[in-house]
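What follows is one structure encoded as structure tokens, with my remarks underneath.
Below, read A as the first sequence line, B as the second, and so on, with proteins coming before strands; counting in each chain starts at 1.
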Amino acid sequence: MSQNLRVKSSNFIDETSRISFKFNGKTYYGFKGDTLASALLANDIHLVGRSFKYHRPRGIMTSGSEEPNAIVQVGNDKAITEPNVRATEVEIYNGLEAKSQNCWPSVNFDIGGINNFLSPLLPAGFYYKTFMWPASFWEKYEIAIRHSAGLGRSPTKPDTDIYEHRYIHCDVLVIGAGISGIMAAKTAAKNNLNTLLLDEKNELGGMTIYQNSEKFKIDNKISSEWLNDEIEELKKLDNLEIKTRTSVAAYHGYNYLLARENLTDHLSKDEKENKVRQRLLKIRAKKVIVATGSLERPLVFNNNDRPGIMLSSAVKKYADYYGVICGKNNIFFTNNDTAYESAISLLKKGINVHCIIDIRENSNSSIVKEAQDLGLKIYWSHTIVDTHGYKRLKQISIMELSKDGQSFANSNKIVLDCDCLGMSGGWTPAVHLFTQSGGKLKFREKDQVFIPNKYPSEQVSIGSCNGDFELDEIIKNSSDILKDFLKIEKTGFDNMNVETSKETSKKNIWLLPSDKIVGKTKPFVDYQNDATAKDIKLALREGFRSIEHVKRYTTTGMGTDQGKLGNMHALGIIADTTGVKMGEVGTTTFRPPYTPLTFGTIVGRNVGEYFDIFRRTPMNDWHINNNAEFENVGQWKRAWYYPRGNESMYEAVQRESKATRESAGILDASTLGKIDIQGSDASEFLNRVYTNAWSKLGIGKCRYGLMLNEDGMVYDDGVTTRLGENHYIMTTTTGGAANVLSKLEDYLQTEWPELDVYLTSVTDHFATATIGGPNSKKILNKLIPDLDLSDENFPHMSFKEEKIGKINCRIMRISFTGELSYEINIQASYGKSLWEQCMDAGKEFNITPYGTETMHLLRAEKGFIIVGQDTDGTMTPIDLQMDWVVSKKKYDFIGKRSLYRSDTMREDRKQMVGLLTDDPNTVLEEGAQIISELDQTPVKMLGHVTSSYFSPNLGKSIALAVVKGGKNMMGKKLFIPMEDKTINVTVVDPIFLDKENKKLNA
Amino acid sequence: MINKYSIFSLIKNAFSYHENWQKAWNDPQPKKEYDAVIVGGGGHGLATAYYLAKKHNMKNIAVVEKGWIGGGNTGRNTTIIRSNYLWDASAGLYDHALKIWEGLSQELNYNVMFSQRGVMNLAHNLQDVRDLKRRTHANRLNGIDAVYLSTEEVKKFCPIINTSTDIRYPVLGGTLQRRAGTARHDAVAWGYARGADEMGVDIIQNCEVKGIKRNGDSVEGIETTKGFIKTKKIGVVAAGHSSVIANMAGLRLPLESKPLQALVSEPVKPIIDTVVMSNAVHAYVSQSDKGELVIGAGTDDYVSYSQKGSHQIVEGTLNAILELYPIFSRMRMLRQWGGIVDICPDASPILSKTSVKGLYFNCGWGTGGFKATPGSGDLFAHTIANDEPHKLNAAFNLNRFVSGDLVDEHGAAAVAH
Amino acid sequence: MFLINCPYCGERDQSEFIAGGEAHIERPKQPTELSDDEWAEYLFMRKNIKGIQFERWNHAHGCRKWFNMIRDTSNDEIKLIYKMGEKPPKG
Amino acid sequence: MLNYTSPIKEVKKYSGLTVSEISPLMKLNLRGKSRDFLTTIGQNINIILPLEANTSASSENYTAIWLSPDEWMLVSNRTVNKENNDYEIEKLLFNKISKTNLGSVTDVSDQLVMINLNGEKIFDLLCTGSPFNFNDFRSIKGSSTQTLLAQIDVIIHHNQINSVNLFVRRSFSEHLMSWINDSASRL
């Protein structure tokens, strides 16, 4: 492939290392240091993509992250292909494959191009006005719309790359390593502040680093040379961290910023191997210095979007930095001096520049003079009225502007040949991050820019993002601002000797006139979304006034470039059309991120097993070795059931629950929350947080407690044991543990600071093995032979502090199954061993490990509730028929008052009942609704089934349910209407088994 | 109807280069007095005005908006529309809205792009399964088209969901409401504004309410930045700012205004053609007609009117998105923003009279108000016109916080996105 | 992300804290004496101020202490932090 | 005879970092506000409980880490016997503090697992998962903090140069170790 479009003399391109890459299936070559854009241009390729709406051919417009047109799909691999990548940001590497988007069959011949001819029918918001008839057709229309919309394609396989986070805390963060950023970083670091310098490019130095013009000198050195020396010194400083290829995405309050550090996207496949692709930097800076520079503005004129039409600064950068000639026949179109720098730079490289078209009457700045001295033809007060060439710019037509710039001095039209047009509409300070942080802007009339006004945090903006565009101003003002901001005497950049070319005249026309009526023209404001000036005018005509409305109606600024180029023109056109002052139209809010941020980067390592924490009990390994299935309970992994061979869950649960009631079962209850309560007011504290009374509970005794919210609804429950006069251990539900502790701490610290009570979580300190069933006593006896297990010495609802071997443990005789049952709590490190010994001791009794599912079944047989399954935040203890646990005597407890509101006292509230199906083998579906009459409309739902199982011990199906007025429905027939059938049930007492609690003392 | 929208008017106007389109709505100055004033020019407020004029023949009314119509939560939400709510009262309210959505584009002659692409809710643990089944049964008996799906059916309906069993919180099932879907948020505000304006409603933008004038226990008018406006009926539909207006009238509401965030990805060709909501891991995603993935994040736990939220919320949401859709890892966040949502203790709205005669509140929609827009407007208009709630919004009165008869939608229902 | 100056631990990232809503709503000493309306006021009604709001925060992932914060809810600017039990400054 | 099982099986070595669990250790949670409480502790274990936030104090046998104005963690400097879990000091303090209502003493030996990080890359690891600002912390021996690491509550104690002890609740320890190993593998 020929590189005839290269000029030598670029310090930034390594012409010795040739790199091959594919674009739209064809192989090309570039050099190390090229971006995809520069390499394509070097291969004389301008046509890169198609626009969003009209599918117009589009080329490369810029040389940076503001690129609206040249966005491509990178990579073919289903897992790592990436849509909407800016060709101007891709550094080429061997094996790079990219292709054009939003075109079919190819970018050269795109069927969608027909939209360009339908465009008269597709003005702003056309879709709000049509596709309504017939109503049923909208879905068909929509499918078509969706397929023509969208740009690139999403990957279809999981990402194989790794992303990471890093928290950074620094004294000073400098954003942007252009000339002012370099000054700032050096000054901060030299003043012993730990400093972080970030730049989105792969090289430091911004635009100055390739500024070779003799017109711009600092300390008598050409500005680029001076800056180079500064950078060399900078790199030697030790308390400075420099990160390139790092773009700040978001600037939040309290100087919290997010930046994306790109680590491997510029590397070839084998170079990337096992490297982190991108890192999200979470930066907390004491001070922030924003030096994000400015963006060159395009000009808005008819057909200003053809491939070959670029920003003048881009044409310059491609020549000076990449050594690439963008066109053989270049013309510049400008309203300021920038284009002259570009033109001169090209001329000096021997690149043909035909002329400059300048909408200004004249200018006598030294740079303009230089251009004239070089014999460059300048068309003063002329404008382009149209451009020609479909897939590549061929010609432009220009006319002389009238004085007011709104029409023409005469009807002469000059047509000029031109394959590359460099346009410059002046510069827009990059204030995006500043405004994201909450900063307020002010409008500067003289050059029509918004610049920082009020800072919301410890930050400053310096350089051109602060509205300083002339080299001498940049250096002087930056130095002054730094002194003040960092509270230092001097920066080392004080009174430098700077030579520059001052801009002497300015003129700005947001929408340049055409000889055609606006309706016939296409002056693009937002290139990517095909929003034109006439769309904006249409929106205004239809009554949309606010910039936000216009933006939304025309989609201006909604593209992947977020309107970096076009937003100012949109504002300008609105101001001109409505006669409102530009400063009063207001800006649209710039929302994070500054440039699009990969989801993977935001997520970092919080994927797969790190998506959420998992918690395991000390017995976990045993469960795994014994084929347990696990259930997620909150963050816990709990043994759910232990299938033997190819048992189904149902079979396993039937076996486990039968074995437990007939002989012995064992449950890992380690996940229950445990709170150690000490202090002289411990009893009073419990009186206030539980619905029942605690003062009289004997030492060594256990009691069930129910905890409410202040709104009277059941919140948590569990057994609490009195270990000593002022010492209790409270157990909570597994899921509720953390919330209960923080709720109780809250009351102690904020409502009852007078109480002498201390709460300490010991959930993880103890492993808990619950052995239950008629033979549990015998098993415990084998473990602790000298412990008297008689009901006299160790009755139900009591506790013993014992030793197993030499290890202390706490044993509670409590039961959630209705069986004789002991809960052994031991220091966690001995939990696994305890469990194994229980299994050994229980072998002769066929002790059967059971999981949460069997536990649920067993407690349901006894009518014990599970908070969160049988309750849903709308049940009072009365609704649950648990009046027995609610003290009438106590003056107050959390939630008591709410129980006495008119609606919480109603008799017809939903109340907990038991249900039996007429057919004992029919097991109800949990969640099924309950009704009292068939075929009524509307259907009156009385409640729903909360828990339902087939009970092997009763040989029939049982269920718990909440039913309106259920308390008074004992024996009543009700119906469960399913999709396919209706199930007949009878309301019964929720305690299905052993009402007399004989088994507890069996 | 003047200036009727259709493909024909579009073609007709194309010949005049679209120079002759009329204003979608006017920009009037406030009159001295109105029969009713709606405070808040969002979707709900504009819909209220529209139905007051259309169904209750109240034409001398105004909507006052402190900024630009549709500029609040209407223009900031993730546009999910569904009615598969648990409790009868909620189901009635939201399905009333859904029925109006189904003919709204035609009624307004404005394409609100209501797209019934279905909404799927996923279950990730056993209690989720119980809750979703409970909700599905209730929906069915309330005449709402909800079905329960097995994991395989979930995968079939949306193949890009990661349904493998070895992820942290595997998908155990889900529900699907096919009539549910999304709509174009801006179009809803603009369509109602255009419709209301045409019936003579004054839509007054950039007009901030500064005070509410009371005479004893009834209202006399409002102080605004555009002067005093006399009126006997004030309907406040100010979403996040409801409490601020209430304080002007000397009332307190059971509301907290919190930041709710959302984000969109860059546009890509169609990849997901339904709406998937996962309450347990907090991931809500759909794809807009433009091709952007539209993702709803959660609320922060503190009160804020800054329209900014904390990054941890966005990060948490995207964690969940990649857990369920690992293929989206290389998609890029294009825009992120925040809204101010007014949340009730029971996650249900307030559509109610107040202790002040002539003062009505429509608020507390929390994170899920958009879906109710047409129904909310219709029922609130009824409430204002008749000084009496419609039976469908009777349950959503203010007194429920006193009597304890809450309509608690967090317990078993999904977060109301 | 706020940077919150815990009165006990010093400046920490917001992720270490949880917010606890409006401050200085004291739990009635004698709830049973209150009317349903008064109880509802305590239970549910909030000022929900736009502007200077007094609120409670908890350093949940640090010292677990609750404290008070004065914050401008219109721009999230933290004005003052003071310990639980301390009286809010006047004016 | 019950056997002792620690949740973390092996020692892991990475470039500039070694990760290992140290057990068994005695750990007590001490709560109290009064001067008597402080003096009683001081007299019985001759450590003056640190009153300054984010600090610790050590004696020959014990280290006391500040957790909050009325809360400290007392850790034994040396491992204790696996054969039994009777801690004399616990009994002593329980009797002198809890029994006398001066405050509370709670055994949390197995509530928290102690993971030792050793090497010059400790803070490179921590900053990949913790929002805490270690800039000063890393230069002060004995500094301590409670914060989040990989979204898990941890107590971090800078016990000596290039050595940090992480205390994490036992049920989280396996997950945290897995996360540490993953992150450390890229140091």
- Interface residues of residues 1-39 of chain D facing chain A - non-hydrogen atoms under 4.5 Å apart: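 Answer by number: D:M1, D:L2, D:N3, D:Y4, D:T5, D:K9, D:N29, D:R31, D:G32, D:K33.
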Side chain from CB out, backbone as N, CA, C, O: work out which of these in [X] comes under 4.5 Å of a heavy atom of chain D, or both, or neither.
X      : value
A:T617 : neither
A:R616 : both
A:V276 : side chain
A:L759 : backbone
A:I677 : neither
A:I826 : side chain
A:S761 : both

- Query: Of all of A:R605, A:K275, A:R279, which one pairs up most often with chain D through heavy atoms under 4.5 Å apart?
  - Reply: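 It is A:R605.
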Is the closest side-chain donor-acceptor distance between [X] and [Y] under 3.5 Å?
X      : Y      : answer
A:E609 : D:S178 : yes
A:Q678 : D:T106 : yes
D:N101 : A:N726 : yes
A:S829 : D:R170 : yes

- Please look at D:V105 and chain A and tell me whether the side chain, the backbone, both or neither of the residue comes under 4.5 angstrom of a heavy atom of that chain.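 It is the backbone, since no side chain atom gets that close.
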